[in-house]
Enquirer: 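Please find one structure pasted underneath; my questions will follow.
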4 protein chains.
Amino acid sequence: MPSSPRPLRADAARNRRQLLDAAETVFAERGLAASVADIAARAGVAKGTVFRHFATKEDLIASIVCEHITALTDAAKGLAGAPDPGAALRDFLVIAADQRRQHDLTFLQTASDGDPAVGRARDDLHCALGVLVDRARDAGVLRPDITETDVFLLMCAPVHVTDNLADPPPMLWRRYLAIIFDGLRPEGAHPLPEPPPTLP
Amino acid sequence: MPSSPRPLRADAARNRRQLLDAAETVFAERGLAASVADIAARAGVAKGTVFRHFATKEDLIASIVCEHITALTDAAKGLAGAPDPGAALRDFLVIAADQRRQHDLTFLQTASDGDPAVGRARDDLHCALGVLVDRARDAGVLRPDITETDVFLLMCAPVHVTDNLADPPPMLWRRYLAIIFDGLRPEGAHPLPEPPPTLP
Amino acid sequence: MPSSPRPLRADAARNRRQLLDAAETVFAERGLAASVADIAARAGVAKGTVFRHFATKEDLIASIVCEHITALTDAAKGLAGAPDPGAALRDFLVIAADQRRQHDLTFLQTASDGDPAVGRARDDLHCALGVLVDRARDAGVLRPDITETDVFLLMCAPVHVTDNLADPPPMLWRRYLAIIFDGLRPEGAHPLPEPPPTLP
Amino acid sequence: MPSSPRPLRADAARNRRQLLDAAETVFAERGLAASVADIAARAGVAKGTVFRHFATKEDLIASIVCEHITALTDAAKGLAGAPDPGAALRDFLVIAADQRRQHDLTFLQTASDGDPAVGRARDDLHCALGVLVDRARDAGVLRPDITETDVFLLMCAPVHVTDNLADPPPMLWRRYLAIIFDGLRPEGAHPLPEPPPTLP
DNA sequence: TATGAATGAGGATTCATTCAT
DNA sequence: GATGAATGAATCCTCATTCAT
């Protein structure tokens, strides 16, 4: 993730990009069981090239996950100074769900838990999201007993919920995001039975 | 599921039960990629025995899914005549989440979509759950724009949400069930952006 | 084959007969790769019963081969005293080919070469066929340089030849038997390039 | 067979050749039941390499069959313009039998009936053989009621006949080819009982 | 004796990964 | 750097055979 030793040659960079895109598509279509050969074919390169860019298949998966997390972090940072804290949090959740929807990769979440780069990226996201959550809570548009980790965990739910449908309408996740968001509002909130989780 | 042509011999029935239990455990631990050999070993039988009871690995998975769905259906039916419709729906969701929690098998949901027995079992569950949802809506404890399918889809969410944690507290799902349940209540509900999904 | 220690119980004898018939049919349909389970199912008995009657699958195959060879031996013996030696030999070849045609089991020939019972049965057949061949040769309807072994080997050819057709007309073998029989006649015979084979 | 999209790398071509040769040997020794592992071992390559060259075991078998058929077609074409039509047909049958003798693969004939490449190759052979047969018939060295298909079917017989012997003398097939060839001659021919088969 | 459940070796095939070209 | 051939471990599944019921 941080500055690589030397910048990639132009064609190598292009290959890397194509591999990441191809992998995302293929994983979305066939799940993690998709083969490296499939991904290479989709990217239009030879199998060996995959391993030049990513030491193992797991590395490739971790890179995809990192990209997604980083994109979310960027979105959160961009919304940190927005005038309406409630709208900012909501916008973030829309972005998060929408990103997922394009390629359903929820199953990747858990996949590369051990990867240190993913861990760091996730920490960054927690920081950035924390700002949005704190501001929303302070503004009174979020229940006071909701933490950043709650929001982080619930972020995946709207899209995941629709995955139980064979061919879900593309915007259906908005319906469930609305329901969950209502559940996060202070109006009519009932006390929560369990303490919020803390991250390790 | 019940009343097969002839009842299994006692030892065969025991093996079948052990295989289903072992498979549930192993799938929960390692995902669907877990090998049949692992499952057989866990059940304490030879590899071939798995295939005597389940023609293919997919059959085994479908059988597990069927059992889970059927258990939910039974729970729903048992709650159909409960005096408090709101509590009944809530109890059902607790049972559903708790069943999931014991072995996280959310990924099995989508797995055996094509299996006809699973399809039938799922239809039954929709029927039984429909009764609970209708009663709760009629009693005014559920938003009027929520359908049975909404509840069905959201049912999986509380546990799934906690799966993003490496080692989630065993009761954490109750927290997210409470949040989602609040979102399903009529108090303070905001209009939903998308129409409810319909099943094929 | 020879007198068993004790005569089978009536139902056991029936099972044995059904197994042999079923095996013949199934082998003809699917080749030697057909499974013992298939044969048992076709015979309407349990798999274990197959092994009560035939110690191994090879034994079962050998028994079928024995039956076929014995039937041929009986036919040859029955024709040994026929008035027209040429017709007798010809009739024998027709019987041999026809027996094959009913269930194409040519591939079984080589299969149970090592079995001693098959070896004995084959020896008997060679004896009986030798009589027919000698008489035909003596009567001048067979080339003088043709031995019993030649006829024995050529016996399988007419049916086997038709096996290269996907769905051969049921009587086509008669055409090739006629051609080969013409080749065995003394009229217009050309000298043969190799000495006749001898049996071990 | 020839002119694949791109020519194989030198080592890959060598492996492919070795695999085909090894498969031929092993199939001749143990029949089609011989395992891919055995073939790989005989060829001195890893199991996976077999599947790099031949998508399935059936493909490998079909490739062998194709090679044999193509070799026969080439032989027939080479003999099409020979001065003596009778000798040409006879030479062809000698070549055909001899090719078979080196590795008895008669059982492969029927094996890959469904394969389109095999089908095409077989059609070509029928064409080329038809020329030889027609010329021989026109020259009066072949019975007038014999068709190309007759010769095609009988082509396999001389070697197959000798397979019923445990350890047949290597040239014994010449004896049976001579007998069958005599049966195909016009001298002393008796009328044939069945019409010649037609190909689909 | 018959049954059919259990066994476990063996088979075809896939696939991540390595390495010579 | 890129290629694609080779590797071999791992996987699902089949089947002859054994044995408890």
Enquirer: Out of F:dC12, E:dT1, E:dA5, which has the shortest distance to the side chain of B:S35?
Expert: F:dC12
Enquirer: Starting at atom CG of D:L60, determine the distance to atom C1' of E:dG11, rounded to an integer number of angstrom.
Expert: 15 Å
Enquirer: Out of E:dT13, E:dA2, F:dA16, which has the shortest distance to the side chain of D:T56?
Expert: E:dT13
Enquirer: Nearest whole angstrom, please: distance from the C1' of F:dC12 to the CG of B:L19.
Expert: 15 Å
Enquirer: Verify the contact: side-chain N or O of C:N15 to OP1 or OP2 of E:dT1, cut-off strictly under 4.0 Å; return yes or no.
Expert: no
Enquirer: Using whole Å, report how far CD1 of A:I39 lies from P of E:dA16.
Expert: 8 Å
Enquirer: Show each protein N/O and nucleotides 18-21 of chain E N/O combination with a separation under 3.5 Å, one pair to a line.
Expert:
none

Enquirer: Can you pull the side-chain hydrogen bond (donor to acceptor under 3.5 Å, both in side chains) pairs that have at least one residue in residues 18-27 of chain A, sequence neighbours excluded?
Expert: A:R17-A:D21, A:E24-A:H68
Enquirer: Side chains of C:F54 and C:I61: closer than 4.5 Å at any heavy-atom pair?
Expert: no
Enquirer: Write down the distance between CZ (D:F54) and P (F:dA6), rounded to a whole number of angstrom.
Expert: 11 Å
Enquirer: Contact class for B:A40 (heavy atom, under 4.0 Å): base, sugar-phosphate, or nothing?
Expert: nothing
Enquirer: If you look at every strand shown and take non-hydrogen atoms under 4.0 Å, does C:A41 touch a base, only sugar-phosphate, or nothing?
Expert: nothing
Enquirer: Find the distance B:D38:CG to F:dC12:P and express it as a whole number of Å.
Expert: 9 Å
Enquirer: Strictly by Watson-Crick or wobble contacts shorter than 3.5 Å, is anything paired with F:dT7, and which nucleotide is it?
Expert: E:dA16
Enquirer: Nearest heavy atom decides the nucleotide; on that basis, is C:A33 or A:A46 closer to the 5' end of DNA chain F?
Expert: A:A46
Enquirer: Can you tell me how far the SG atom of B:C66 sits from the CZ atom of B:R120, to the nearest 0.5 Å?
Expert: 8.0 Å
Enquirer: Tell me the partner of F:dT21, counting only Watson-Crick (N1-N3 plus N6-O4 or O6-N4) or G-U wobble (N1-O2 and O6-N3) with both under 3.5 Å; none if nothing fits.
Expert: E:dA2
Enquirer: Round to the nearest Å and state the distance from A:R16 atom CZ to F:dA2 atom C1'.
Expert: 17 Å
Enquirer: Please tell me if the side chains of B:D115 and B:V65 come closer than 4.5 Å, counting only heavy atoms from C-beta onward.
Expert: no
Enquirer: Can you tell me if A:H53 touches the phosphate of F:dA2, counting only side-chain N or O atoms and a distance under 4.0 Å to OP1 or OP2?
Expert: yes
Enquirer: Round to the nearest Å and state the distance from D:R17 atom CZ to F:dA5 atom P.
Expert: 18 Å
Enquirer: Could you tell me which non-hydrogen atom of B:V45 sits nearest to which non-hydrogen atom of B:N15, and how far apart they are?
Expert: CG1-OD1, 3.6 Å
Enquirer: Expressed in angstrom and rounded to an integer, what is the separation of D:R30 atom CZ from E:dG10 atom C1'?
Expert: 13 Å
Enquirer: Could you say whether B:R52 or D:V36 is positioned toward the 5' end of DNA chain E, judged by the nucleotide with the nearest heavy atom to each?
Expert: B:R52
Enquirer: What nucleic acid atoms does C:V45 come within less than 4.0 Å of, heavy atoms only: base, sugar-phosphate, or nothing?
Expert: sugar-phosphate
Enquirer: 5'-most contact on DNA chain F: B:K57 or D:T49, nearest heavy atom basis?
Expert: D:T49
Enquirer: Using side-chain heavy atoms (C-beta onward) and a distance below 4.5 Å, is A:I39 in contact with A:L60?
Expert: yes
Enquirer: Taking the side chain as every heavy atom from C-beta outward, state whether B:D163 and B:H160 have any atom pair closer than 4.5 Å.
Expert: yes
Enquirer: Just so I know, are the side chains of C:S63 and C:R16 near enough to count as touching, which here means a heavy-atom distance under 4.5 Å?
Expert: yes
